[in-house]
> 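Mind having a look at this structure? Questions to follow.
Every chain is numbered from 1 and lettered A, B, ... according to where its sequence line falls, protein lines coming before strand lines.
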Amino acid sequence: MQKEYQTITEISGPLVFAEVDEPVGYDEIVEIETPDGSTRRGQVLESTSDFVAIQVFEGTEGIDRNSSVRFLGETLQMKLTEDLLGRVLSGSGEPIDGGPEIEPDEERPIVGEAINPYSREYPEEFIQTGVSAIDGMNTLVRGQKLPIFSGSGLPHSDLALQIARQATVPEEDEAAEADDEEGSEFAVIFGAMGITQEEANEFMEDFERTGALERSVVFMNLADDPAVERTVTPRLALTTAEYLAFDKGYHVLVILTDMTNYCEALREIGAAREEVPGRRGYPGYMYTDLAQLYERAGRIEGQEGSVTQIPILTMPGDDDTHPIPDLTGYITEGQIMMDRDLNSQGVEPPVYVLPSLSRLMDDGIGEGLTREDHEDVANQMYAAYAEGEDLRDLVNIVGREALSERDNLYLDFADRFETEFVQQGFKTNRSLEETLDLGWDLLSTLPKQELNRVDEEFIETYYVEDEPAETVEAEE
Amino acid sequence: MSQATEADVSEDGVIESVSGPVVTAKDLDAKMNDVVYVGHEGLMGEVIEIEGDITTIQVYEETSAVAPGEPVENTGAPLSVDLGPGMLDAIYDGVQRPLDVLEEKMGSAFLDRGVDAPGIDLEKTWEFNPEVSEGDEVEAGDIIGIVPETPSIDHKVMVPPDSEGGEVVDVKSGDYSVEDTVVELDTGEEIRMRQEWPVRSQRPADEKQTPTEPLVSGQRILDGLFPIAKGGTAAIPGPFGSGKTVTQHQLAKWADADIVVYVGCGERGNEMTEVIEDFPELEDPKTGKPLMSRTCLIANTSNMPVAARESCIYTGITIAEYFRDMGYDVALMADSTSRWAEAMREISSRLEEMPGEEGYPAYLAARLAEFYERAGYFSNINGTEGSVSAIGAVSPPGGDFSEPVTQNTLRIVKTFWALDADLAERRHFPSINWNESYSLYRDQLDPWFEDNVEDDWSDQRQWAIDVLDEETELQEIVQLVGKDALPEDQQLTLEVARYLREAWLQQDAFHDVDTFCEPEKTYGILSAIRTFNDEAFEALDAGVPIEEINEVDAAPRLNRIGVQDEWESYIEELESDIQQQVRELY
Ligand SMILES: Nc1ncnc2c1ncn2[C@@H]1O[C@H](COP(=O)(O)OP(=O)(O)OP(=O)(O)O)[C@@H](O)[C@H]1O
Ligand SMILES: [Mg+2]
């Protein structure tokens with residue numbers, strides 16, 4: 001079905017409308033050739049018996065009524081092979097690293113099929129990221145989708161890179177050593193959407209310096225690349241991830257940045273189609289669209305590999321009720337929240353723990369998985385930090401002297417929690433043991449009977465006896 | 001999904017256009033809501049609009065590569081579910097295709113399309129024990145036999161509600177498949193264990209009654225402050241991560257219903273997996289049987305086709321009504337009704353219907369009302385009594401309750417469990433805001449609690465409400481001047497309120513013991529806190545300074561009652577320790 005048409009009737013933003021006299025499949029790929037000989041690719045958004053609406057990935061500049069339109073009779077496919085590891089591709093999947101053409105073992109539609117919920121395996125294998133705010137308080141597990149909610153100018157890239165660099169699964173390490181590297185391998189897929197060249201360089205340099213590139217596949221759609229292409233990039237990345245995970249047995253970590261740019265592209269297409277917009281101009285189907293990306297994380301019963309996702313998004317105006325973070329949070333299994341104030345206080349990583357959450361934490365931690373006291377320590381630190389945070393407002397009004405001794409302990413706790421527990425630097429890799437022990441150091445500044453979320457047995461074992469007196473004196 | 005209709009496939013039409021889940025067809029002879037098969041792959045769809053010779057269809061599967069010109073076949077029957085033994089312990093998609101069967105048929109963990117499967121196994125045999133004999137007159141709805149379906153549930157085989165009835169001329173007994181005739185009537189009607197029902201119509205019942213029994217949830221804040229009735233309706237709105245799903249799971253696990261229908265509507269795949277993995281291991285506290293054997297799951301996750309998300313709610317409530325007809329108390333959870341509303345919005349906008357508020361179709365309120373109306377405590381047409389309790393999660397954008405889905409839901413439901421992001425952030429779980437939430441069933445359920453738990457159930461509760469109210473007022477002052485500036489009696493009230501929050505309202509869903517709290521224990525914790533309150537105020541009156549009362553080291557043990565298995569003896573000891581230690585102060 002390679003019939004050519006010169007029947008374009010309308011060009012509007014990223015959309016082209018053309019008349020047809022043969023049936024064209026929904027979602028099918030289209031090639032448009034301009035009179036000067038350049039080709040653009042696009043996809044059928046709506047197909048009727050006499051016309052089609054085409055969304056053009058590479059921009060519509062230069063397309064005119066005389067351009068010819070060809071329908072390829074298939075939906076968009078990703079060329080897949082294990083040799084993709086180590087390669088850098090464009091946002092539409094073409095090599096841009098000067099390396100050889102991709103010789104695929106197979107091709108798959110990038111839309112992907114939904115994982116049958118019955119076939120999933122519940123994720124519960126702890127991934128140690130070496131970052132206390134995550135491991136201790138918002139534990140990541142294999143197969144989870146845990147986004148970073150950030151703001152423009154905040155160091156979310158540093159955190160994402162730190163995770164990519166440090167992530168290990170402690171038990172499997174031992175197993176791998178014992179079994180001579182028998183366990184599954186680890187791969188990173190990096191999908192960039194509309195980020196600046198500078199940010200891209202930061203990632204690439206880190207990948208090259210640490211040797212991570214060899215086990216990575218990079219998809220680059222930069223700020224000056226066509227916006228519509230951004231709707232394709234994450235699908236290429238995730239199709240590759242699923243292939244490596246569920247066909248080749250890799251544990252794949254997918255970093256997608258910046259989802260905000262992806263959503264802007266969706267909005268642009270929606271506007272061009274004159275759709276009834278949803279909240280703040282974003283399409284009404286954005287929840288479904290995002291879910292079709294984020295739900296492509298997980299584990300499958302009986303399969304070796306896994307897909308773990310860390311999407312990054314910058315919240316417009318640092319507002320977490322904005323539709324992009326809001327809809328994301330409704331789909332993902334928690335969120336890591338970056339904070340501007342903590343960042344300006346020099347806390348690295350500036351993770352604001354209170355609104356952060358890992359929903360898969362409860363099943364991934366505890367005896368036999370991490371450490372018996374993990375959940376209690378996390379719960380108690382949350383509660384204590386929240387209480388200290390509340391008191392800070394009051395201090396501003398009445399001053400520290402007006403507060404009780406108990407209140408002062410909580411204020412100190414909140415301060416130390418930020419400057420000692422959360423603060424660690426982007427280069428420090430803390431073991432879980434270190435993280436939890438640090439937690440106990442802080443909790444031990446509070447009287448034992450305040451620790452009502454911790455099992456008495458654990459208080460017995462882990463509470464550091466002399467700490468409170470020393471610290472309080474030292475601080476005053 | 002119902003299969004019987006496949007045989008009478010009738011008129012063909014031709015696809016005219018395709019846009020995502022919406023397809024139009026030309027020259028299709030169809031009625032509204034007819035089920036059709038679309039394209040060469042035979043994708044399942046439903047007629048949602050007819051205009052001139054153009055029929056609009058919502059397709060329950062992905063439509064990539066489907067092209068105009070492909071055929072459309074009409075089954076001539078509305079979207080229906082298969083009802084009969086085999087629905088418990090099952091997991092379905094939004095149009096009642098069993099997901100385990102799909103996995104097997106597709107040979108993959110990924111959902112392919114164009115594969116159909118009956119809602120219940122047509123071949124499997126069940127032990128049919130007749131309840132009627134030859135010569136008996138039966139009418140629509142009558143129970144004609146019993147099948148021991150799962151360890152905890154007897155499936156009652158009923159005369160279909162649309163039957164004319166008649167005299168029984170033949171009855172079988174023994175092992176039969178759901179397709180075999182088990183009872184024959186003199187009218188020639190052959191009754192099988194399987195019946196069909198169109199999902200968009202309510203199953204008939206005699207009368208709706210005022211519910212007077214609580215659906216005991218084992219959750220302190222629900223049973224204690226905001227109870228729902230068997231046959232009641234409730235909404236759980238809250239921003240992301242505030243605890244809607246955990247609350248729904250808790251109800252599915254611990255509520256004292258006979259049957260649970262859990263509808264995962266447009267939410268996460270892993271949450272359904274969690275249920276599939278957890279429930280078989282958990283015991284129903286009432287029967288000691290595995291929870292899964294009273295549960296039917298419907299999973300149309302967020303990445304599954306949006307049209308099937310629209311229908312999954314109906315599939316769920318129809319199954320619930322069917323078990324109600326047997327005389328069971330059914331609890332239906334729908335997580336999340338917002339995703340259902342959004343599916344309506346998405347389809348409506350593809351139809352270019354005139355949008356109402358925030359783009360939702362003008363019929364949003366009507367659909368929500370219709371759904372919750374199907375809940376209730378009923379006298380069934382066969383003389384039994386059964387109930388459907390409907391509990392819907394609502395996911396308001398930005399956590400703002402003023403949006404249309406929350407508002408329209410609140411106009412209908414009688415129980416409102418308002419989740420609060422602030423509480424969730426400080427890990428106060430369940431983060432149900434006690435100032436905003438309400439239950440309109442409270443008064444009508446009090447007699448039950450007073451008869452079955454403790455005489456002064458409602459007085460005790462009122463005391464707790466008063467203390468919590470007072471705390472809310474005092475907190476405003478504390479925010480300005482600090483706690484120490486308050487008079488001592490108010491400081492003590494704050495202390496008591498803190499125990500109410502930490503020891504009574506908070507409940508850890510993930511703690512083996514605390515996850516379920518019988519009403520007696522809910523009452524017991526509350527009285528223990530009250531004991532502390534009474535003792536402490538007496539001491540204060542006797543001139544003991546507040547600092548000394550706060551030092552009483554038995555008091556913090558109140559926070560540990562929740563996790564005690566042997567809570568009765570623990571409370572007894574604790575109350576006497578508190579008494580003794582406080583009295584020692586003066
Ligand atoms: N009763 C509870 N006990 C302990 N933890 C809880 C409880 N309720 C909620 N949580 C915690 O809050 C997290 C989020 O809860 P949940 O998944 O129910 O949110 P949600 O409101 O359904 O969010 P979404 O709208 O995004 O689906 C849980 O993963 C759990 O960590
Ligand atoms: Mg939820």
> For D484(B), which residues count as a side-chain contact (heavy atoms from CB on, under 4.5 Å) partner, sequence neighbours excluded?
S404(A), Q491(B)
> Tell me whether the NZ or CZ atom of R339(B) lies within the 45° cone about the ring axis of Y287(A) and under 6.0 Å from its centre.
yes
> For chain A, find which of E267(B), E403(B), R557(B), R350(B) contributes the most heavy-atom pairs closer than 4.5 angstrom.
E267(B)
> Is there a side-chain contact (heavy atoms from CB on, under 4.5 Å) between Q335(A) and F240(B)? Walk through the geometry before answering.
CA-CA 10 Å; Q335(A) 65 281 336; F240(B) 64 80; 3.3 Å; yes
> Under a 3.5 Å distance rule, please check whether Y26(A) uses its side chain to pair with a backbone N or O of V23(B) as donor and acceptor.
no
> Please look at V66(B) and chain A and tell me whether the side chain, the backbone, both or neither of the residue comes under 4.5 angstrom of a heavy atom of that chain.
backbone
> Measuring heavy-atom distances to chain A, does R345(B) have an atom under 4.5 Å in its side chain, in its backbone, in both, or in neither?
side chain
> Are the side chain of R268(B) and the backbone of T332(A) linked by a donor-acceptor contact shorter than 3.5 Å?
yes
> Distance from Y330(A) atom OH to S336(B) atom OG, nearest 0.5 Å?
7.5 Å
> Could you tell me which residues satisfy side-chain contact (heavy atoms from CB on, under 4.5 Å) with Q55(A), sequence neighbours excluded, listed by chain and number?
L15(A), Q43(A), L45(A), F57(A), V228(A), T231(A), I269(A)
> Side chain, backbone, both or neither: which part of P397(B) has a heavy atom under 4.5 Å from chain A?
both
> Just do the side-chain contact (heavy atoms from CB on, under 4.5 Å) check on E113(A) and D112(B) with the steps written out, would you?
CA-CA 7 Å; E113(A) 292 167 332; D112(B) 198 353; 3.6 Å; yes
> Less than 4.5 Å to any heavy atom of chain A: does that hold for the side chain of E352(B), its backbone, both, or neither?
neither
> Between chain A and each of E346(B), M304(B), E274(B), count heavy-atom pairs under 4.5 Å; write down the option with the most.
E274(B)
> Rounded to the nearest 0.5 Å, what separation is found between the CG atom of D100(B) and the OH atom of Y118(A)?
4.5 Å
> Please determine, among T301(B), L111(B), V306(B), the option with the most heavy-atom pairs under 4.5 Å with chain A.
L111(B)
> Are E502(B) and N452(A) close enough that some pair of their side-chain heavy atoms sits under 4.5 Å apart?
yes
> Would you mind checking which part of D400(B) comes under 4.5 Å of any heavy atom in chain A, side chain (CB onward), backbone (N, CA, C, O), both or neither?
neither
> Specify which of P68(B), A67(B), G39(B), S17(B) makes the most heavy-atom pairs with chain A at under 4.5 Å.
P68(B)
> Does some side-chain heavy atom of Y382(A) sit less than 4.5 Å from a side-chain heavy atom of E425(B)?
no
> Does a side-chain heavy-atom distance below 4.5 Å link K448(A) with P556(B)?
no
> Of the non-hydrogen atoms in A109(B) and I300(A), which two are nearest, and what is the gap between them?
CB-CG2, 3.5 Å
> Taking the basic N atoms (NZ, or NE/NH1/NH2) and the acidic carboxylate oxygens, is any pair closer than 4.0 Å for R560(B) and E456(A)?
yes
> Just so I understand: if I count every heavy-atom pair under 4.5 Å between each of I397(A), D320(A), I115(A) and chain B, which residue has the most?
I115(A)
> With rounding to the nearest 0.5 angstrom, report the CG to OG distance, L99(B) to S119(A).
8.0 Å
> For P21(B), which atoms come within 4.5 Å of any heavy atom of chain A: side chain, backbone, both, or neither?
neither
> Does any backbone or side-chain atom of P325(A) lie under 4.5 Å from a heavy atom of chain B? Answer side chain, backbone, both or neither.
backbone
> Which heavy atom of E46(A) sits nearest a heavy atom of S19(B), and at what distance?
CG-CB, 3.8 Å
> Applying a heavy-atom distance below 4.5 Å, give me the residues of residues 384-395 of chain A that approach chain B, sorted by number.
A386(A), D390(A), L394(A)
> Show, in sequence, the C-alpha distance, side-chain angles and deciding distance for E333(A) and N270(B), and conclude whether the side chain to side chain donor-acceptor pair (under 3.5 Å) test is met.
CA-CA 9 Å; E333(A) 286 145 348; N270(B) 279 330; 2.8 Å; yes
> Taking only heavy atoms into account, what residues of residues 288-296 of chain A are found under 4.5 Å from chain B?
T288(A), A291(A), Q292(A), E295(A)
> With respect to chain B, which residue among N379(A), I331(A), L403(A), T75(A) yields the maximal number of heavy-atom pairs within a distance under 4.5 Å?
I331(A)
> Would you say that Q506(B) contacts R453(A) through its side chain, given a criterion of any heavy-atom pair below 4.5 Å between the two side chains?
yes
> Please classify the contact between E103(B) and chain A as side chain, backbone, both or neither, with a heavy-atom cut-off of under 4.5 Å.
both
> Going through the checks in order, is the side chain to side chain donor-acceptor pair (under 3.5 Å) test met by R427(B) and Q380(A)?
CA-CA 9 Å; R427(B) 290 343 188 225; Q380(A) 189 70 60; over 6 Å; no
> Which heavy-atom pair separates N303(B) from A114(A) by the least distance, and what is that distance?
ND2-CB, 3.5 Å
> Where does E62(B) contact chain A at under 4.5 Å (heavy atoms): side chain, backbone, both or neither?
side chain
> Return the CG to CE distance between N116(A) and M106(B), rounded to the nearest 0.5 Å.
7.5 Å
> Out of T321(A), D319(A), V44(A), L354(A), which one racks up the most heavy-atom pairs below 4.5 Å with chain B?
L354(A)
